[in-house]
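Down below is the structure, laid out as structure tokens.
These numbers come from the heavy atoms of this one structure, side chains and all, not from hydrogens, waters or symmetry mates. Naming convention: chains lettered A, B, ... in sequence-line order (proteins, then strands); numbering from 1 in each chain. Remember, predicted model here, so these are calculated numbers, not experimental data.
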Amino acid sequence: MKYTIPTTTLPVQEIVPQVINHFQDNTTLIVKAPPGAGKSTLLPLTFLNESWLEGKKIIVLEPRRLAAKTIATRMSQLLGEQAGETVGYRIRFETKISDKTRIEVVTEGILTRMLQTDNTLKDVALVIFDEFHERSIHADVALALCREAQLTKRNDLRLLIMSATMDLPELSAKLKAKIIESEGRQYPVEIHYTGVTDMHLLPELTARVVSKASKDNKGDILVFLPGQAEINACRDLLDNKLSNTVVHTLYGQLPFAQQQAALLPDQTGKRKVVLATSIAETSLTIEGVTTVVDSGFGKRSKFDPQSGLSRLETVNISVDAADQRAGRAGRLSAGTCYRMWSKAQHETLQKHHQPEIEITDLSSLVLEMAVWGISNIYNMVWLTPPPQSHVKQAKETLHYIDALDRNKVTAHGKKIHQLPCNPRIAHMLLMAEKLEQEALATDIAAIIEEKDPLTIKEAGVDINERIKALRRFRRNDGKGRAFGLIERVARSYRDLMEIEVENEGFDSFMTGLLLAHAYPERVAFARPGNQSQFQLANGTYAQFSHKDSLSRESWVSVSHIDAREGTGKIFMASPLNPKDLKGMVKTAVSVHWDLISNDLIVHTELRIGKIVLKSFPMDDPTDEERSRALCDVVKKDGRELLHFTPEFEQWQAAMFRAQQQHPLAQFPDVDTESLLLTCDDWLTPFADEIEEKDDLKKLDLLQIISARIPKELLKLVD
DNA sequence: CTCTCCCT
């Protein structure tokens, strides 16, 4: 079959001969092209008649569902066809593919599934990674796995990486691939730097810049702010201040209809100001924008391997993101962009934004690799290797839910991997079978995974209110597009687990127990004497974002939390009966000091994670139990319990300087934090000398620690 | 000052 490949006036057309030529006898290529060059639609089509295709398929990987559909549709139009003929797409819950299909545009989760069922992609000749500069964890993993296939069983597999901007020389070196560059088609955007800003005054400062921008420019204005709070504050400042102008807000949590209103031109012909989050950077396009005001900040979720929780941080955006935002003003004609920072600050910004693999929970990734039988994930080709501390935390999580046993996948782990969701949620679904609560678990799973369908203002923080509303929706007396999306996910789980839908009442405490299986470390207990604070099983503290009857419970299971410094914020939870948690209670040994005698007393404790249920003195601890308990307490409170002399602190500083001066020498870390963490090594030999609290203060740290350091290293220290 | 974005 010979295809008629369209010729276009798209800028990327110029590089087509080079690209075709390159793939004659090479397998990997990087194409750099800015948005609007037409790379996503034109390039995949140009390969249709290549002999190396040998009847196999081309896979195009897209980071978003909407993009996958529109790109497949546009390619089909270029061929004079409908989507689903030569070019088709596959996204979750929607497939348009036929026997004729040679190009499949798929989203990231789909490619991961394809790789699972066929490690070598034997029906595929070429994988195209679109928008690779976004550096999503899925794209990074898929590239690593495709590279692995290329290096082992598929040396004919072709890979094309398409990217706007990123550290391309590094990628090129790692993949030993050539870079071909294409021009874009973008109108010029004039950049104004408005000077130094203050993160805490963003709404006020932004409102001021918007007022100026609206006087000096014509056309609609798109404003980038970090989050909902800043957007609403800025809207309140701007409302009715600008003549003949409507102010819209735009962010992910906003109901669909309001999002649409912000995207479409104003019905009454008024000028539009849209206050948006980074959702308007790539995902949604607003027509008619001539002017962009960029606050320079955005929010990113950062995973903390210590607690296993993540938190939202307001951060400076990268140069890449700033360029992307400015580009939104030059889509239809020349435009203007106001950057709310100084030229000097601009030089200090990160060039590229941080790849997701560095800041996210890795439990899915680690499980995936274990199923592939990859024993050491660092043996693969990574553009950015996953951080070791995050991998360690992921392994602990997977061991805890019995998915891994000494780094090998268990039978339970394989079942978890089969389910199309996060391993913790999959574990909960499987545990629900034993409790005969599958129907409730599938509803919970869908609600946790999707966007909250209700607002905290209207429904509080109890997840059970969402379950009730979902069941009302299914009985046909509920409404809301959001519940339609959730029900679709819930139904897919019911189909996989072969269970019937349930719309009757249910037990809220069962919700708490099921959630405790997914998030055991988030079981929380109200601190005695401090009604509003809860202690989580992971040892951290949290508060409800909103006070209602749930926040007055003494035990809750938390599903949504933002781990802030100090006290975290709980956004969704369920009541919990602690008696249901019998299997999770562990016995631990700890030390206490008797306040009157000042003696060291060893206790046995019953705990759920770090929440102590019961504590009683232990009559006859072994030396090992005693020293382990002692080390635990030093790890926690060592800064107060040990005596850090000025001489010792000077020595720590000298060690640090010596390491700086001799980067090749392997000095052990002797900063206070590292010492406390490793106290099992150096404190244990002295444990039997510690009988009361003050004995710890008598330890000569300088002598104890320096004695453990090789002589030749000590010579390098002043 | 209630939470950015995306996906099986």
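Residue A:Ile279 is in sugar-phosphate contact alone, with no base atom involved, counting any heavy-atom pair closer than 4.0 Å across all strands shown. As judged by a 4.0 angstrom heavy-atom cut-off over every strand, A:Ser301 is placed among the base-contacting residues. When heavy atoms are screened at a 4.0 angstrom cut-off, A:Leu111 is found touching no nucleic acid atom at all. No engagement by A:Ser136 is indicated, since no non-hydrogen atom pair under 4.0 Å with the nucleic acid exists. Residue A:Arg113 is in base contact, counting any heavy-atom pair closer than 4.0 Å across all strands shown. Using a 4.0 Å heavy-atom cutoff across all strands shown, A:Glu62 reaches no nucleic acid atom at all. Within the 4.0 angstrom heavy-atom criterion, no nucleotide atom of any strand lies near A:Arg311. Within the 4.0 angstrom heavy-atom criterion, only backbone atoms of the sugar-phosphate kind lie near A:Lys569; the bases stay farther away. Among the heavy atoms of the strands lying under 4.0 Å from A:His560 is at least one base atom, whether or not backbone atoms are also near. Among the atoms of the strands shown, none is found under 4.0 Å from any heavy atom of A:Gly298. If you check every strand for non-hydrogen atoms under 4.0 Å, A:Asp452 touches nothing.
A cation-pi contact links A:Arg527 to A:Tyr541, judged by a cut-off of 6.0 Å to the six-membered ring centre and 45° from its axis.
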Show me, pair by pair, the donor-acceptor contacts under 3.5 angstrom made by side chains of residues 482-498 of chain A, not counting sequence neighbours?
from: A:Glu487; atom 1: OE1; to: A:Arg474; atom 2: NH1; distance (Å): 2.8
from: A:Glu487; atom 1: OE2; to: A:Arg494; atom 2: NH2; distance (Å): 2.7
from: A:Ser492; atom 1: OG; to: A:Val489; atom 2: O; distance (Å): 2.7
from: A:Tyr493; atom 1: OH; to: A:Glu449; atom 2: OE1; distance (Å): 2.3

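Take A:Glu62 and apply the salt bridge (charged side-chain N to carboxylate O under 4.0 Å, His left out) test, not counting sequence neighbours, and it matches no residue. Partners of A:His517 according to the ring pair (Phe, Tyr, Trp, His ring centres under 6.0 Å) rule, which considers only residues two or more places apart in sequence or in another chain, do not exist here. Scored by the side-chain contact (heavy atoms from CB on, under 4.5 Å) test, A:Asp304 finds A:Gln306, A:Ser307 as partners (sequence neighbours excluded). Listed by chain and number, the residues in a side-chain contact (heavy atoms from CB on, under 4.5 Å) with A:Leu440 are A:Gln437, A:Ile444, A:Ile467, A:Arg471, A:Phe506, A:Met510, A:Thr511, A:Leu514 (sequence neighbours excluded). Listed by chain and residue number, A:His346 satisfy the side chain to side chain donor-acceptor pair (under 3.5 Å) test with A:Trp341 (two or more places apart in sequence, or in another chain).
Both A:Glu230 and A:Gly109 lie near DNA chain B, and the one whose nearest nucleotide falls closer to the 5' end is A:Glu230. Checking A:Ser278 against A:Cys421, the closest nucleotide of DNA chain B that is more toward the 5' end is the one next to A:Ser278.
For residues 294-329 of chain A, the set of pairs meeting the ring-ring contact (aromatic ring centres under 6.0 Å, His included) definition, not counting sequence neighbours, comprises A:Phe303-A:His390.
Once you apply a 4.0 Å limit to the heavy atoms of chain A, the touched nucleotides of DNA chain B run 5' to 3' over B:dC1 to B:dT8.
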key: side chain to side chain contact (heavy atoms under 4.5 Å, CB included) between A:Ser98 and A:Thr101, intermediate numbers included   = CA-CA 5 Å; A:Ser98 67; A:Thr101 304; 3.4 Å; yes
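Contacts between residues 354-367 of chain A and DNA chain B, defined by a heavy-atom separation under 4.0 Å, are absent.
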